[in-house]
Amino acid sequence: QVQLVESGGGLVQAGGSLRLSCAASGRTFGVYSMGWFRQAPGKEREFVAAISRTGGSSYYTDSVKSRFIISRDNAKNTLYLQMTSVKPEDTAIYYCAAGRGTAQAMGVSHANYWGQGTQVTVSS
């Protein structure tokens, strides 16, 4: 089992940058594919990005490609999401998740563990 704690959310102006972190407990962080998801008010939780166990492969939803970068540091048991050129439509609660499957298959229904979320608000 792994416990996940997100941090780094906050209020940012459109066009700005923000880096989210997700700290994982335990010594098994490296066996999980990791992902970031988000949920805006009144909307379903959606996939944002995923990264393979070694960090060698990453996947993004189309709306964040070229703006967000997912990365991980297995030595520090930490997952990151670097957000740049943020837009008001990026406003949501961002969740990190761990999955036993592949990063390519990471989806809301495939994540095994979730963090509590961190709020990101982008002002126009």
**Student:** How far does CZ of Arg72 sit from OG1 of Thr54, to the nearest 0.5 angstrom?
**Tutor:**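 Answer rounded to 0.5 Å: 8.0 Å.
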**Student:** For Met106, what are the other residues in its hydrophobic cluster, where any two members join if their side-chain heavy atoms are less than 4.5 angstrom apart?
**Tutor:**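 Once heavy-atom contacts under 4.5 Å are chained together, Met106 belongs with Phe37, Phe47, Tyr59, Ile93, Tyr95, Val108, Trp114.
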**Student:** Say you draw a straight line from CZ of Phe29 to SG of Cys22; how long is it, rounded to the nearest 0.5 Å?
**Tutor:**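 Taking CZ in Phe29 and SG in Cys22, the distance rounds to 6.5 Å.
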**Student:** Do the side chains of Val64 and Val122 join up, straight or via other hydrophobic residues, at under 4.5 Å, putting them in one cluster?
**Tutor:**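 The answer is yes; both residues are in one hydrophobic cluster.
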**Student:** Looking at Gln116, I'd like to know if its CD atom is crowded, meaning that more than 12 non-hydrogen atoms belonging to other residues, nucleotides or ligands lie closer than 6.0 Å.
**Tutor:**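 Atom CD in Gln116 is crowded, with more than 12 foreign heavy atoms closer than 6.0 Å.
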**Student:** Between Asp62 and Lys65 (salt bridge meaning N to carboxylate O under 4.0 Å), is one present in this structure?
**Tutor:**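 Yes, this pair counts.
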**Student:** Residues in side chain to side chain contact (heavy atoms under 4.5 Å, CB included) with Ala105, at least two apart?
**Tutor:**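 Expected list: Thr102.
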**Student:** Indicate the atoms forming the closest heavy-atom contact of Ala92 with Ala40, along with that distance.
**Tutor:**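 That would be CB-N, 3.8 Å.
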**Student:** Less than 4.5 Å apart, side chain to side chain, heavy atoms only: is that true for Arg38 and Val120?
**Tutor:**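 Arg38 does not reach Val120 side chain to side chain.
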**Student:** Does any N or O in the side chain of Asn112 come within less than 3.5 Å of the main-chain N or O of Arg100, such that one atom is a donor and the other an acceptor?
**Tutor:**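 Yes, because the side chain of Asn112 sits within donor-acceptor range (under 3.5 Å) of the backbone of Arg100.
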**Student:** For residues Trp36 and Phe68, determine if any side-chain heavy atom of one lies less than 4.5 Å from a side-chain heavy atom of the other.
**Tutor:**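 With C-beta onward as the side chain, the pair stays apart.
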**Student:** If you look at every heavy atom in Ala103 and Ala50, which pair is closest and at what distance?
**Tutor:**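 Taking every non-hydrogen atom into account, O-CB, 3.5 Å.
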**Student:** Could you check whether any side-chain N or O of Arg19 sits under 3.5 Å from a backbone N or O of Gln82, counting only pairs where one atom can act as donor and the other as acceptor?
**Tutor:**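 Looks like no, no N/O pair under 3.5 Å.
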**Student:** Using a 3.5 Å distance criterion without hydrogens, assess whether the side chain of Ser33 forms a donor-acceptor pair with backbone atoms of Gly101.
**Tutor:**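 Pair found, side chain donor or acceptor close to backbone of Gly101.
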**Student:** Work out which heavy atom in Ala49 is nearest to a heavy atom in Leu81; give both atom names and the distance.
**Tutor:**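 Nearest pair, atom of Ala49 first, then Leu81: CB-CD1, 4.5 Å.
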**Student:** Can you tell me how far the CD atom of Glu6 sits from the SG atom of Cys96, to the nearest 0.5 Å?
**Tutor:**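 Taking CD in Glu6 and SG in Cys96, the distance rounds to 4.0 Å.
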**Student:** Check Gly35 against Leu79 and note the closest heavy-atom contact, atom names and distance.
**Tutor:**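 What the structure gives for the nearest pair is O-CD2, 3.8 Å.
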**Student:** What is the minimum heavy-atom distance between Leu11 and Ser123, and which atoms define it?
**Tutor:**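 Taking Leu11 first and Ser123 second, the nearest heavy atoms are CD1-CB, 4.3 Å.
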**Student:** Just checking Gln3: does its CD atom have more than 12 heavy atoms from other residues, nucleotides or ligands closer to it than 6.0 angstrom?
**Tutor:**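 No - once you tally the heavy atoms of other residues, nucleotides and ligands closer than 6.0 Å, there are 12 at most.
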**Student:** Supply the atom-to-atom distance Ser57 OG to Ile70 CD1, rounded to the nearest 0.5 angstrom.
**Tutor:**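 Rounded to the nearest 0.5 Å, the OG-CD1 separation comes to 11.5 Å.
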**Student:** Could you walk me through whether Val86 and Gln13 satisfy the side chain to side chain contact (heavy atoms under 4.5 Å, CB included) test, starting with their C-alpha distance in whole Å, then the side-chain angles of each, then the deciding distance to 0.1 Å, before giving a yes or no?
**Tutor:** CA-CA 8 Å; Val86 296; Gln13 287 189 331; over 6 Å; no
**Student:** Answer yes if Tyr80 and Leu4 sit in the same cluster of Ile, Leu, Val, Met, Phe, Trp and Tyr residues linked by side chain heavy atoms under 4.5 Å apart, and no otherwise.
**Tutor:**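 Tyr80 does not cluster with Leu4.
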**Student:** Might you point out which heavy atoms bring Pro88 and Ser124 nearest each other, and give the distance in Å?
**Tutor:**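 What the structure gives for the nearest pair is CG-CB, 3.9 Å.
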**Student:** How long is the straight-line distance from OH of Tyr94 back to OG of Ser7, given to the nearest 0.5 Å?
**Tutor:**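 Between Ser7 OG and Tyr94 OH, I get 15.0 Å after rounding to 0.5 Å.
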**Student:** Do Val31 and Met34 belong together in a cluster built from hydrophobic side chains that touch within less than 4.5 Å?
**Tutor:**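 The answer is yes; both residues are in one hydrophobic cluster.
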**Student:** As an exercise, state the distance from OG1 of Thr121 to CG of Asp90, rounded to the nearest 0.5 Å.
**Tutor:**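 Output value for this atom pair is 11.0 Å.
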